[in-house]
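Just so you know, these numbers use all the heavy atoms, side chains as well, and skip hydrogens, waters and symmetry mates.
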Amino acid sequence: GLKDGTATVIAARPSMGKTDTMNHLIIKASQQGYTPIFFSLEMDAKSIVRRLVGTVGIINRMQLKDTHQYLSDAKKQQWTQILEATGKTNLIVYDKPAQTLGEIKAKVREERLKNPNGKILVGVDYLTLVEHDGFQYGMEVKKFGAVAEGLKAIAKEFKCVMVVLSQLSRKCEDRPDKRPMSSD
């Protein structure tokens, strides 16, 4: 259901599966001919790829910490196929922390120039870590809005699918009903 030129924000509290959801989108999009580009402002590329391997192979992340000790013999037999399937996603990861909108735009432009008619899925993890000049401390809500608008503009300009992850505040856990509010 994702369309070129659109930006979608997936927001949830920490440890709710946002990155795993992104991994599933990467896998499905790559199977449909998309080039997935992932801007990880929180985790390094090695961690992102390890999690993708776990998603592709349906392997618990705890087992990936020591594959020789924790993987079943059946999974060890499938290991080469799992790595090959992961490689077929052709995932491009940029893991520099504190990336700016300009840097993200430049990398998407670079990919678009390499493949002018190709389909691109851009993932950003996560919204509040993208840097935007001109905003000072205390202006976070305006900054996040400007970053979201900038990412949507990138999606429209380069005719790509943009999926942005965002982490909600844990403040909702202190409320009796646990429901998130816009301020979170």
Side-chain angles (χ1 to χ4, degrees), residues 1-30 32-52 55 89-171 180-184:
L2 303 174
K3 296 183 181 190
D4 292 340
T6 63
T8 303
V9 177
I10 299 173
R13 293 191 321 266
S15 300
M16 298 301 293
K18 294 178 297 292
T19 304
D20 288 337
T21 298
M22 178 64 77
N23 282 339
H24 285 283
L25 288 172
I26 287 167
I27 293 164
K28 291 298 181 186
S30 68
Q32 295 175 15
Y34 281 80
T35 298
I37 306 170
F38 192 61
F39 293 90
S40 177
L41 290 83
E42 186 178 39
M43 288 190 280
D44 63 13
K46 185 177 179 180
S47 298
I48 293 295
V49 172
R50 180 180 297 122
R51 290 180 79 155
L52 186 60
T55 302
T89 64
N90 296 318
L91 175 63
I92 301 166
V93 179
Y94 295 103
D95 63 353
K96 180 183 156 225
Q99 293 180 65
T100 65
L101 274 174
E103 290 171 317
I104 292 170
K105 184 175 182 176
K107 296 295 184 186
V108 174
R109 176 186 292 120
E110 185 179 309
E111 188 57 40
R112 176 54 71 212
L113 289 172
K114 283 185 209 172
N115 195 350
N117 299 318
K119 298 186 288 185
I120 299 173
L121 168 76
V122 178
V124 179
D125 186 17
Y126 56 90
L127 175 71
T128 56
L129 294 179
V130 176
E131 293 295 321
H132 193 299
D133 294 333
F135 290 93
Q136 299 172 354
Y137 182 76
M139 301 175 71
E140 283 83 8
V141 173
K142 288 183 180 181
K143 174 190 164 192
F144 304 150
V147 168
E149 286 176 21
L151 293 170
K152 176 148 180 80
I154 292 169
K156 287 179 83 172
E157 180 177 347
F158 298 107
K159 296 175 182 68
C160 60
V161 174
M162 177 78 65
V163 179
V164 184
L165 303 182
S166 184
Q167 190 163 289
L168 296 177
S169 167
R170 288 187 182 262
K171 289 180 183 177
M181 297 173 21
S182 295
S183 61
D184 296 330

(message) Nearest 0.5 angstrom please: Asn23 CG to Arg51 CZ, how far?
(response) 7.0 Å

(request) Report the residues that fulfil side-chain contact (heavy atoms from CB on, under 4.5 Å) with Ser30, sequence neighbours left out, ordered by chain and then residue number. (result) Pro36, Thr89

(request) With sequence neighbours left out, write down each residue that passes side-chain contact (heavy atoms from CB on, under 4.5 Å) with Asn90, or none if nothing qualifies. (result) none

Where do [X] and [Y] come nearest, in terms of heavy atoms and distance?
{"X": "Ala146", "Y": "Leu101", "result": "O-CD1, 4.2 Å"}
{"X": "Pro116", "Y": "Leu113", "result": "CD-O, 3.8 Å"}
{"X": "Leu41", "Y": "Val124", "result": "CD1-CG1, 4.1 Å"}
{"X": "Lys152", "Y": "Thr6", "result": "NZ-CA, 4.3 Å"}
{"X": "Ala148", "Y": "Leu127", "result": "N-CD1, 4.0 Å"}
{"X": "Tyr126", "Y": "Leu165", "result": "CB-O, 2.9 Å"}

(message) Does anything in residues 101-120 form a ring pair (Phe, Tyr, Trp, His ring centres under 6.0 Å)? List the pairs, not counting sequence neighbours.
(response) none

(request) Ignoring hydrogens and angles, tell me if any N or O in the side chain of Lys18 forms a donor-acceptor pair with the backbone of Arg13 under 3.5 Å. (result) yes

(message) Looking at Ala45, is its backbone amide N or carbonyl O close enough to the side chain of Asp95 to form a donor-acceptor pair, meaning the two atoms are under 3.5 Å apart?
(response) yes

(request) Check salt bridge (Lys or Arg N to Asp or Glu O under 4.0 Å) between Lys96 and all other residues, then give those that pass, not counting sequence neighbours. (result) Glu103

(request) Would you list the pairs meeting side chain to side chain donor-acceptor pair (under 3.5 Å) in which at least one residue belongs to residues 112-121, sequence neighbours left out? (result) none

(request) Just jot down the ring pair (Phe, Tyr, Trp, His ring centres under 6.0 Å) partners of Phe39, sequence neighbours excluded, or say none. (result) Tyr94

